[in-house]
Amino acid sequence: MSEASPLVYFKLVLVALFWGGTWIAGRVAVSEAPPLTVASWRFFLAALLLGTLLFRREGRPRWTASDWLGLALLGLTGVFLYNLCFLNALKVVEAGRGALVVAFIPALVALADWLFFRVPMTMGRALGVMLAMSGCLLVVTQGDPARLLAGGLGSGEWMLIGTSLTWTAYTLASRRYARRLSPLALAFGGCLCGWIMLTLAAAAEGSLFSLGRISWLGASGIAFLGLFGTAIAFTWYSEGIHLIGSTRSAAFINLVPVFAVLLGALLLGERLGAGVLAGGALVIAGVLMTSRVSHLFHHRGRAE
């Protein structure tokens with residue numbers, strides 16, 4: 001693989017920054033509008049931009065009924081259910097703490113691969129998963145694991161766990177359809193299907209147009225979520241995968257919780273306790289170990 005320009009790496013750092021920023025933008029937006037309203041308008045903007053890019057780069061998509069079924073599954077897991085959990089969690093949970101929990105997803109995917117797809121689980125990989133799970137437990141319980149046994153977790157914490165589970169399901173489901181559709185087509189189709197589901201749910205709730213009292217700050221949060229946090233970030237991430245490979249590009253995702261914690265402290269005045277930060281460090285260390293071991297296992301002897 002040829003050496004990519006520094007601009008590619010700079011864009012991937014910005015992708016991590018944008019994805020970290022979604023936690024702050026989401027928390028601001030749901031403080032002024034219902035979660036379903038925020039999610040529907042977020043993915044309207046994202047689908048609009050992604051659709052424009054897709055038509056310009058690849059032309060009009062010609063999807064079969066099977067393709068639409070797969071895209072609907074991706075829209076259900078990665079857009080509809082994920083955003084229900086993500087935005088409802090942000091109504092009550094700090095943005096930085098939420099992002100630290102979601103950093104656990106790569107280890108959860110590795111565990112699912114072992115349980116459902118018979119991917120070998122090496123000792124190093126298993127240790128990484130256990131480290132990440134231990135860290136996730138510390139973050140969710142705010143440094144006090146006894147809260148889990150005492151029933152001390154609130155709806156926000158359970159919603160955070162839901163974000164990890166729904167995005168893991170999306171990741172596993174997307175593998176099958178990624179062989180048939182381009183990354184841009186996959187993203188647009190999933191966003192379009194998820195947006196339809198979110199819009200129908202918001203309309204049924206009666207909150208689709210509940211934007212009358214939203215401030216410029218809340219509106220900016222929705223715009224950031226749709227344009228920067230979804231459409232632009234995904235496009236640049238896809239470019240990174242094409243130019244430097246999936247393993248190198250995925251490494252930048254580990255910056256997401258770091259940016260989220262820093263932005264939460266800077267913009268929202270959040271201060272996470274030592275137990276939460278220690279748990280976050282364990283999550284990141286476990287994910288790095290899992291990803292590194294997995295990379296060596298699958299790519300030993302082959303330069304990327």
S.K.: Any heavy-atom pair between the side chains of W236 and L12 that's under 4.5 Å?
M.R.: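 Contact flag for L12/W236 side chains = no.
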S.K.: In sequence, state the C-alpha distance, the side-chain angles, and the governing distance for T168 and L111, and then conclude on side chain to side chain contact (heavy atoms under 4.5 Å, CB included).
M.R.: CA-CA 10 Å; T168 298; L111 183 62; over 6 Å; no
S.K.: Any sub-3.5 Å donor-acceptor pair from E270's side-chain atoms to G96's backbone N or O?
M.R.: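 Yes.
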S.K.: Side chain to side chain donor-acceptor pair (under 3.5 Å) for S66 and R180? Distances and angles first, verdict last.
M.R.: CA-CA 11 Å; S66 177; R180 302 169 57 178; 3.3 Å; yes
S.K.: Between W41 (side chain only) and L208 (backbone N and O only), is there a donor and an acceptor less than 3.5 Å apart?
M.R.: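 Present.
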S.K.: Following the transitive rule for hydrophobic clusters with a side-chain heavy-atom cut-off under 4.5 Å over Ile, Leu, Val, Met, Phe, Trp and Tyr, establish whether L81 and L73 coincide in one cluster.
M.R.: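 L81 and L73: separate clusters.
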S.K.: If the test is side-chain contact (heavy atoms from CB on, under 4.5 Å), which one of V79, N83, L76, L84 qualifies with M197?
M.R.: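 The passing option is L76.
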S.K.: In the structure I gave you, are the side-chain heavy atoms of V30 and T37 within less than 4.5 Å of one another anywhere?
M.R.: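 Side-chain contact under 4.5 Å: no.
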S.K.: State whether the side chain of T230 and the backbone N or O of L227 hold a donor-acceptor pair below 3.5 Å, judged by distance alone.
M.R.: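 Checking the backbone N and O of L227 against the side chain of T230, no donor-acceptor pair under 3.5 Å is found.
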S.K.: Rounded to the nearest 0.5 Å, what separation is found between the CG atom of L198 and the CZ atom of R42?
M.R.: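 One gets 9.5 Å once the value is rounded to the nearest 0.5 Å.
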S.K.: If you look at every heavy atom in L186 and L71, which pair is closest and at what distance?
M.R.: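 Distance-wise, the nearest heavy atoms are O-CD2, 3.9 Å.
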S.K.: Indicate the atoms forming the closest heavy-atom contact of T199 with S40, along with that distance.
M.R.: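 For T199 versus S40, the nearest heavy atoms are OG1-OG, 2.9 Å.
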S.K.: Do S207 side-chain atoms and S210 backbone N/O form a donor-acceptor pair below 3.5 Å?
M.R.: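 Judged by distance alone, no pair lies under 3.5 Å.
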S.K.: What distance separates E32 CD from I222 CD1, expressed to the nearest 0.5 Å?
M.R.: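 Going from CD on E32 over to CD1 on I222, the span is 8.5 Å.
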S.K.: Let me confirm one number: the CG-CH2 distance from L172 to W167, rounded to the nearest 0.5 Å.
M.R.: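 Those atoms lie 12.0 Å apart.
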S.K.: For the backbone of V93 and the side chain of R27, can you confirm whether one donor and one acceptor N or O come within less than 3.5 Å of each other?
M.R.: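 Such a contact is found between R27 side chain and V93 backbone.
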S.K.: Are more than 12 heavy atoms from other residues, nucleotides or ligands located less than 6.0 Å from atom CZ of F55?
M.R.: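 Enclosed: over 12 neighbouring heavy atoms sit under 6.0 Å from CZ of F55.
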S.K.: Assigning hydrophobic clusters by single linkage (Ile, Leu, Val, Met, Phe, Trp, Tyr; side-chain heavy-atom cutoff under 4.5 Å), is L181 placed with L69?
M.R.: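 No, L181 does not connect to L69 through the hydrophobic network.
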S.K.: Taking all non-hydrogen atoms of both residues into account, name the closest pair between L211 and A33 and its distance.
M.R.: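 Heavy atoms of L211 and A33 come nearest at CD2-CB, 4.3 Å.
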S.K.: Indicate, with yes or no, if M159 and I161 share a hydrophobic cluster defined by side-chain heavy-atom contacts under 4.5 Å among Ile, Leu, Val, Met, Phe, Trp and Tyr.
M.R.: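 No, no single cluster joins them.
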S.K.: Please determine whether side chain to side chain contact (heavy atoms under 4.5 Å, CB included) holds for the pair L263 and L268, giving the CA-CA distance in whole Å, both sets of side-chain angles, and the decisive distance to 0.1 Å.
M.R.: CA-CA 7 Å; L263 290 171; L268 302 179; over 6 Å; no
S.K.: What distance do S155 atom OG and N88 atom CG have between them, rounded to the nearest 0.5 Å?
M.R.: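 That separation rounds to 8.0 Å.
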S.K.: Let's go through L192 and W68 carefully: what are the C-alpha distance in whole Å and the side-chain angles of both, what is the deciding distance for side chain to side chain contact (heavy atoms under 4.5 Å, CB included) to 0.1 Å, and is it a yes or a no?
M.R.: CA-CA 11 Å; L192 180 63; W68 277 109; 4.0 Å; yes
S.K.: Side chains of W23 and F259: closer than 4.5 Å at any heavy-atom pair?
M.R.: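 Contact flag for W23/F259 side chains = no.
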S.K.: Can you tell me if W19 uses its side chain to pair, donor with acceptor, with the backbone of G229 under 3.5 Å?
M.R.: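 Here the side-chain-to-backbone pair exists.
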S.K.: Shared ILVMFWY cluster between M123 and M130, side chains joined below 4.5 angstrom?
M.R.: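 Unlinked, M123 and M130 end up in two clusters.
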S.K.: Is L45 close to L225 at the side-chain level, that is, under 4.5 Å between some pair of heavy atoms?
M.R.: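 Sidechains of L45 and L225: no contact.
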S.K.: Parallel, tilted or perpendicular, judged at 30° and 60°: which one describes the rings of W195 and F44?
M.R.: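 It falls in the tilted class, 30° to 60°.
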S.K.: For the residue pair P35 and F86, establish whether any side-chain heavy-atom pair is separated by less than 4.5 Å.
M.R.: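 Contact flag for P35/F86 side chains = no.
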S.K.: Of all heavy-atom pairs between I284 and P257, which one has the smallest distance, and what is that distance?
M.R.: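 What the structure gives for the nearest pair is CD1-CG, 4.0 Å.
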S.K.: How close do G70 and Y177 get, counting heavy atoms only, and between which atoms?
M.R.: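 Between these two residues, the closest heavy atoms are CA-CZ, 3.2 Å.
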S.K.: Any non-hydrogen side-chain atom of T235 less than 4.5 Å from a side-chain atom of L50?
M.R.: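 Side chain of T235 against side chain of L50, heavy atoms only: contact under 4.5 Å found.
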S.K.: Rounded to the nearest 0.5 Å, how far does CG of L282 lie from CG of L277?
M.R.: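 Here the interatomic distance stands at 11.5 Å.
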S.K.: Can you give me the closest heavy-atom contact between T22 and L90, atom names plus distance?
M.R.: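 Looking at all heavy atoms of both residues, the shortest contact is O-CD1, 4.5 Å.
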S.K.: Classify the ring geometry of F188 against W63: parallel below 30°, tilted from 30° to 60°, perpendicular beyond 60°.
M.R.: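 Tilted: the ring planes of F188 and W63 meet at 30° to 60°.
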S.K.: Distance check, rounded to the nearest 0.5 Å: I196 atom CD1 versus C191 atom SG?
M.R.: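 With rounding to 0.5 Å, CD1 (I196) is 11.5 Å from SG (C191).
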